[in-house]
Amino acid sequence: MIKITFPDGAVREYEQGISSMGIAKSISEGLARKILVADVNGEIWDLSRPIETDSTISFLSWGDEKAKSTFWHSSAHLMAEAVEETFPGVKFWVGPPLENGFYYDMDLGDQVITETDLIKLEKKMSELAKQNNSFERKPISKADAIHYFKKKGDEYKLDLLSNLEDGQITLYTQGQFTDLCRGPHIPSTGFIKAIKLTNIAGAYWKGDEKNKMLTRIYGITFPNQKELDEYLVFLEEAKKRDHRKLGKELELFTFSEKVGAGLPLWLPKGAMLRGRLQDFMQKAQLESGYLPVITPHIGSKSLYVTSGHYEKYGADSFQPIKTPVEGEEFLLKPMNCPHHCEIYKSSPRSYKDLPLRLAEFGTVYRYEQSGELHGLTRVRGFTQDDAHLFCMPEQVKEEFIKVIDLVLYTFNALGFTDYTAQISLRDKEDRSKYIGSEENWELAEKAIVEAVEEKNLKNVVIEYGEAAFYGPKLDFMVRDAIGRKWQLGTIQVDYNMPERFELTYIGEDNAKHTPVMIHRAPFGSLERFVAVLTEHCAGKFPMWLVPVQVKILPISDKFLPYAENVLKQLLNNDIRAEIDERAEKIGKKIRDTELAKIPLMLIIGEKEINEEKVSVRRQGKGDEGTKTVDELIAQIKEEVNNRTLID
RNA sequence: GCCAGUGUAGCUCAGUUGGCCAGAGCAGCUGAUUUGUAAUCAGCUGGUCGGGGGUUCGAAUCCCUCCACUGGCUCCA
C-alpha cells in the first residue's frame, strides 16, 4: 500500500501501482470524468500512469493552465495524426503548446499545404477525436526508439533522440500515430471537441535561419464549441482594436509606397496626439533634471566606428551617404548615443556636473528586414524619447531607480498595468557578440538586478542573447490587442561606450575617471508607443491626448454664429475643438462624431441659445444635459489636468 | 531576408470556368432640405483592376518578375 496526500492535507491509502485515474474514480465518477492530468509530487502526469510510491497528488482539469497546456499538446499530436493521414511521408519536428493553442513543425517534402487543407484537416481531426483513442505512454530504450524512427525515416526525431538519455525515453501513441514525446497527455482524444486550425507559417528548423524552413501549422482546440466560439469572437474584437485599422479610421498616420515601406507619415490628428505625448515626457523630464539637446539626422561614419555600431550593424544598415566632392561617408543616424557622447565631450566635466542627463526626441533610421515591418510597431524611421545619463559609478543604482520611476509614472498616466519588466543579460554560452570587459558587464548586470529588486518589479530574466551588445538592459514589455508582446520602455547600463569615446570627468581626487552611461527611453519610440496605446484604449484616447476634444454640432446653420462664439471661447482656453458646419441632420452629425471617437459633442440649437448654454453629449455614453460654456471649460480642464482615463 | 497568402475607386468590398465600354455602398462634389441626440433625398465625379513583361483573337481573371501589405519564422543597436 502507498500513502496518497491530497491538496486539503487528507491522506488515504491505495494499492501500489494505482493510477491517478483510479484514485479519482475512488473519490467520485464526476471528478474522474472532468480531470485531464494529475500533479503528482509536483510533476504533471498522465492519469493512467501507475504511482509506485507515497505521493502528493492533485487533479487538474481544463481551467488550470497546466491542464490546458497538456490539452493543447495532445491536440498537436491529434493534428499530427490527421496530417500524417493526409500527407503521407510527412516528417515531424516538435509540436508544443502555446499560451493560446499549439503548433506542430513538420517537413512536408515536396507537398504543399494550403488554407483549404486546414478545413480538411480540421474535419479529419474531429473524426479522429470522436474515435476517443487513448494516449498511451510507452517507455522505450534508446536503441529501440532509434530503430523505430530510422524505419519510419524521420530524421528530425532521430535528431531529438540524439540528445536524449537512454532510460528516459517514452513514446506516445493515439490511434495510428506514434510520437517521440515525454508527455504528459490527456487521457484520450475524445476530450477535444472543438478544433480550429488558425494558420500556416514557415519556421526555421531549430529557429536558425541557416537551417531548412519547416512548415508550421497553428491551431487551437477546446473541450466545447462554446469556448471556441468565444475565442473567435475575442479575435474579431481584437481586430477592431488593431492600431493599423484605427490609425486609418482616426486619421492618425498613413504609409505611402512612394515614400517607402516602414516610413510612417503622421497625419494632422496623429501629429497632435504624438505632440501631446512628447509634451508630457518633456515636462516629466525637465522636472527630473534632464537637459534637452538636439543633434543632426546624420553622422560621420567614424562616429559609429568609434561606438562599435558600425562593426556590429554596418553591413545590415542603410548604407553610407557620400559627399559628392570629398567622398566623406555619413550614416543616417541609427541611434542617438554617439552624438550625445560628443556633446558630453564638448566641455570638460567635473564630478559636480554629474549626473548629466541629455535628452532628445531623436529620430533614427534603421534598416529592418522587409518581412519584419509591422504597422507603427516596427518601422524603418522612428523617434525615440531618448536620453543618456552620464554618471559616476556610485550613482548608477540611484539613477537607474529614478528612471524606473519615470517609466512607471508614464505607464501609470496611461493606464498600462499589464506589463513585465524583462531583464536581459549576456548570453551565457556565446560571449562573442558583446564588447567590453567581463568586469564592466558584471557591474552593469548587478546594477540592473539590484534596482529591479529594490523596486519590487514583476520581472523575468533572459540569459540568452537579448542584451544589447554594449550592455545589459531592462525592457518594459506590454501586450497589443491580440496578446503579442512589444518592448516599450527600455533602460540600459553601459560601461563600454564611455570608454570607447574616452569620456572622462575630474573626480574629487582631482584625477580623471570614466563615467557610466545609462541609455533610456520610457516610451521606447513614439511610433510604437502610439500603436500600443491605440490598441490599449481601442482608439478612445483620454481627454489630455485626444487630437480633437470637442466637436460642436449646430442643429442648423442658423445657429452657426453662436457655435462660432462657443468655439472661440474653447480655443482661447487651449481646448481642441471643431465645428461640424455641414448642412446635415443632427443625427448624422452625432453618428459621424461618435465614429470619430471624439469624446465630447456640443449640440447647439434654439434652446441652448436661449439658455446661453450648450448640450453636452459624451462619446459612447450619451446625453449629459446642459452646461454653461464656463462650466464645460472647467470640466475639461479638470479632466486634462487629472489625466482622467477612459473607463 | 525566408515560408504561405493577399493586392479591383480615398475607404469597405462584388466581379461565375479568360469574352459586351469593370460594379455597389460609404466618402467627395453639385443641388434641394434647415433639421433636436448614431445614417435626409436626388444627380454627378472618381479605377489603364499594385508596377512591368508574357500566353491568347481576347486578361482584373492564366504564367513570370518586381513592389507593397497580411500571418508566422529569423532579426531588432
Side-chain angles (χ1 to χ4, degrees), chain A residues 103 105 108 112-115 117-118 198-218 239 242 244-245 248-249 251 254-258 260-262 304 307-314 316-317 333-338 364 366-375 377-380 384 433 435 465-471 473 475 482 484 486-487 490 492 494 497 519 524-525 528 553-560 582-595 601-608 615-620 622-624:
Chain A
Y103 68 78
D105 280 351
L108 287 161
V112 179
I113 187 163
T114 63
E115 300 279 331
D117 291 320
L118 291 187
T198 46
N199 51 44
I200 306 167
Y204 296 109
W205 184 43
K206 296 186 178 179
D208 187 336
E209 65 180 326
K210 291 185 198 81
N211 287 342
K212 179 170 185 175
M213 184 159 268
L214 303 176
T215 301
R216 174 174 295 180
I217 306 178
Y218 285 90
K239 266 189 206 163
D242 191 310
R244 291 165 298 185
K245 181 176 155 68
K248 198 179 274 177
E249 287 171 4
E251 298 170 10
T254 189
F255 289 92
S256 147
E257 274 191 43
K258 266 214 175 91
Y304 306 100
S307 70
H309 287 101
Y310 188 79
E311 192 196 340
K312 191 82 189 164
Y313 295 103
D316 304 320
S317 292
K333 177 165 80 175
M335 77 291 302
N336 304 298
C337 26
V364 297
R366 296 178 182 177
Y367 173 78
E368 304 287 1
Q369 297 187 103
S370 58
E372 256 309 329
L373 301 173
H374 181 97
T377 49
R378 194 78 186 270
V379 287
R380 285 180 173 164
Q384 299 175 308
K433 42 189 165 185
I435 59 168
E466 285 289 321
F469 73 94
Y470 50 72
K473 56 180 186 168
D475 292 327
I482 60 167
R484 282 182 290 222
W486 294 99
Q487 172 214 311
T490 181
Q492 305 166 8
D494 182 0
M497 218 173 289
H519 308 241
S525 82
R528 184 176 288 177
L553 312 178
I555 283 179
S556 94
D557 56 14
K558 280 188 296 206
F559 312 117
L560 266 177
R582 298 173 304 167
E584 292 289 350
K585 294 172 81 169
I586 193 67
K588 169 74 165 168
K589 291 185 182 184
I590 287 170
R591 179 182 158 78
D592 289 347
T593 313
E594 287 277 348
L595 292 175
M601 284 155 264
L602 305 184
I603 287 121
I604 286 174
E606 192 79 44
K607 194 178 88 187
E608 287 74 17
S615 280
V616 181
R617 180 188 163 103
R618 192 172 286 263
Q619 203 271 346
D623 197 348
E624 290 192 338

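Side-chain atoms are counted along with the backbone in the values below, which use heavy atoms only and exclude waters and symmetry mates. The sequence lines fix the lettering, A, B, ..., with proteins before strands; numbering per chain opens at 1.
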Gap between atoms [atom1] and [atom2], on [X] and [N] respectively (whole Å):
X: A:Ile113; N: B:A4; atom1: CD1; atom2: P; result: 12 Å
X: A:Gln619; N: B:U37; atom1: CD; atom2: P; result: 18 Å
X: A:Met601; N: B:U37; atom1: CE; atom2: P; result: 14 Å
X: A:Glu115; N: B:C3; atom1: CD; atom2: P; result: 17 Å
X: A:Ile217; N: B:C3; atom1: CD1; atom2: C1'; result: 13 Å

Pairwise [atom1] distance, [M] and [N] [rounded to whole Å]:
N: B:G15; M: B:A22; atom1: C1'; answer: 8 Å
N: B:A68; M: B:C49; atom1: C1'; answer: 16 Å
N: B:A60; M: B:C67; atom1: P; answer: 24 Å
N: B:C13; M: B:G72; atom1: C1'; answer: 26 Å
N: B:C21; M: B:C66; atom1: P; answer: 33 Å
N: B:A14; M: B:A24; atom1: P; answer: 16 Å
N: B:C76; M: B:U56; atom1: P; answer: 49 Å
N: B:A9; M: B:A27; atom1: C1'; answer: 11 Å

Between N or O atoms, less than 3.5 Å apart, protein on one side and nucleotides 63-69 of chain B on the other: list the pairs.
| unit_1 | atom_1 | unit_2 | atom_2 | d |
| --- | --- | --- | --- | --- |
| B:C67 | O2' | A:Glu257 | OE1 | 3.4 |

Please enumerate all protein N or O atoms sitting under 3.5 Å from an N or O of nucleotides 27-35 of chain B, with distances to 0.1 Å.
| unit_1 | atom_1 | unit_2 | atom_2 | d |
| --- | --- | --- | --- | --- |
| B:A27 | OP1 | A:Lys588 | NZ | 2.7 |
| B:U34 | O2 | A:Ser556 | OG | 3.2 |
| B:U34 | O2 | A:Asp557 | N | 3.1 |
| B:U34 | O2 | A:Asp557 | OD1 | 3.1 |
| B:U34 | N3 | A:Asp557 | OD1 | 3.1 |
| B:U34 | N3 | A:Asp557 | OD2 | 3.0 |
| B:U34 | O4 | A:Asp557 | OD2 | 3.2 |
| B:U35 | OP2 | A:Lys558 | NZ | 3.3 |
| B:U35 | O4 | A:Ala583 | O | 3.2 |

Requested in this report: For A:Tyr103, check ring-ring contact (aromatic ring centres under 6.0 Å, His included) against everything at least two apart and list the hits.
Outcome: A:Tyr218

Query raised in the report: Who passes ring-ring contact (aromatic ring centres under 6.0 Å, His included) against A:Trp486, sequence neighbours left out?
Result: A:His374

Requested in this report: Apply the test side chain to side chain contact (heavy atoms under 4.5 Å, CB included) to residues A:Phe469 and A:Tyr313: give CA-CA distance (whole Å), side-chain angles for both, the deciding distance (0.1 Å), then the verdict.
Outcome: CA-CA 10 Å; A:Phe469 73 94; A:Tyr313 295 103; 3.7 Å; yes

side-chain hydrogen bond (donor to acceptor under 3.5 Å, both in side chains) involving [X] - partner list, sequence neighbours excluded:
X: A:Glu624; result: A:Arg618
X: A:Lys607; result: none
X: A:Asp494; result: A:His519
X: A:Lys245; result: A:Glu249

Report task. Could you work out which one of B:G72, B:C11, B:A38 sits closest to the side chain of A:Lys248? Result -> B:C11

Query - Closest nucleotide among B:C3, B:A39, B:G71 to the A:Asn199 side chain - result: B:G71

Considering every strand and a 4.0 Å limit on heavy-atom distances, what is the contact class for [X]: base, sugar-phosphate, or nothing?
X: A:His374; result: sugar-phosphate
X: A:Ser615; result: base
X: A:Glu251; result: nothing
X: A:Lys589; result: nothing
X: A:Ala203; result: sugar-phosphate

Requested in this report: Please answer whether the main-chain N or O of A:Lys433 pairs with a side-chain N or O of A:Lys312 as donor and acceptor at a distance below 3.5 Å.
Outcome: yes

How long is the span from the [atom1] atom in [X] to the [atom2] atom in [Y], to the nearest 0.5 Å?
X: A:Thr593; Y: A:Met601; atom1: OG1; atom2: CE; value: 6.0 Å
X: A:Asp208; Y: A:Met213; atom1: CG; atom2: CE; value: 11.0 Å
X: A:Ile113; Y: A:Ile217; atom1: CD1; atom2: CD1; value: 3.5 Å
X: A:Met497; Y: A:Ile435; atom1: CE; atom2: CD1; value: 6.5 Å
X: A:Tyr204; Y: A:Arg216; atom1: OH; atom2: CZ; value: 12.0 Å

Between N or O atoms, less than 3.5 Å apart, protein on one side and nucleotides 75-77 of chain B on the other: list the pairs.
| unit_1 | atom_1 | unit_2 | atom_2 | d |
| --- | --- | --- | --- | --- |
| B:C75 | O2 | A:Arg378 | NH2 | 2.7 |
| B:C75 | N3 | A:Glu372 | OE2 | 3.1 |
| B:C75 | N3 | A:Arg378 | NH1 | 3.0 |
| B:C75 | N4 | A:Glu372 | OE2 | 3.3 |
| B:C76 | N1 | A:Arg378 | NH2 | 3.4 |
| B:C76 | O2 | A:Arg378 | NE | 3.1 |
| B:C76 | O2 | A:Arg378 | NH1 | 3.2 |
| B:C76 | O2 | A:Arg378 | NH2 | 3.2 |
| B:A77 | OP2 | A:Lys473 | NZ | 3.3 |
| B:A77 | O4' | A:Tyr313 | OH | 3.3 |
| B:A77 | O2' | A:His309 | NE2 | 3.2 |

Query raised in the report: At their closest point, which heavy atom of A:Trp205 faces which heavy atom of A:Asn211, and how far apart are they?
Result: O-ND2, 2.8 Å

Query raised in the report: Considering all heavy atoms of both residues, which atom of A:Val112 and which atom of A:Asp117 are nearest to each other, and what is their separation?
Result: O-OD2, 3.8 Å

Requested in this report: Return the set of residues passing salt bridge (charged side-chain N to carboxylate O under 4.0 Å, His left out) with A:Arg378 (not counting sequence neighbours), or none when no residue passes.
Outcome: A:Glu368, A:Glu372

Requested in this report: Decide, yes or no, whether a salt bridge links A:Glu594 with A:Arg617 under the criterion of side-chain N to carboxylate O below 4.0 Å.
Outcome: yes

Query raised in the report: How does RNA chain B look in dot-bracket form if you count Watson-Crick and G-U pairs under 3.5 Å, write [ ] for pairs that cross, and put | where a base pairs with another strand?
Result: (((((((..((((.....[...)))).(((((.......))))).....(((((..]....))))))))))))....

Report task. Between A:Arg484 and A:Arg617, just flag the one whose closest nucleotide in RNA chain B comes earlier from the 5' side. Result -> A:Arg617

Query raised in the report: Heavy-atom count around A:Lys239 NZ within 6.0 Å, excluding the residue itself: above 12?
Result: no

Query raised in the report: Should A:Lys210 be listed as having a side-chain N or O under 4.0 Å from OP1 or OP2 of B:C2?
Result: no

Report, one pair per line, the protein and nucleotides 45-47 of chain B atoms (nitrogen or oxygen only) whose separation is under 3.5 Å.
none

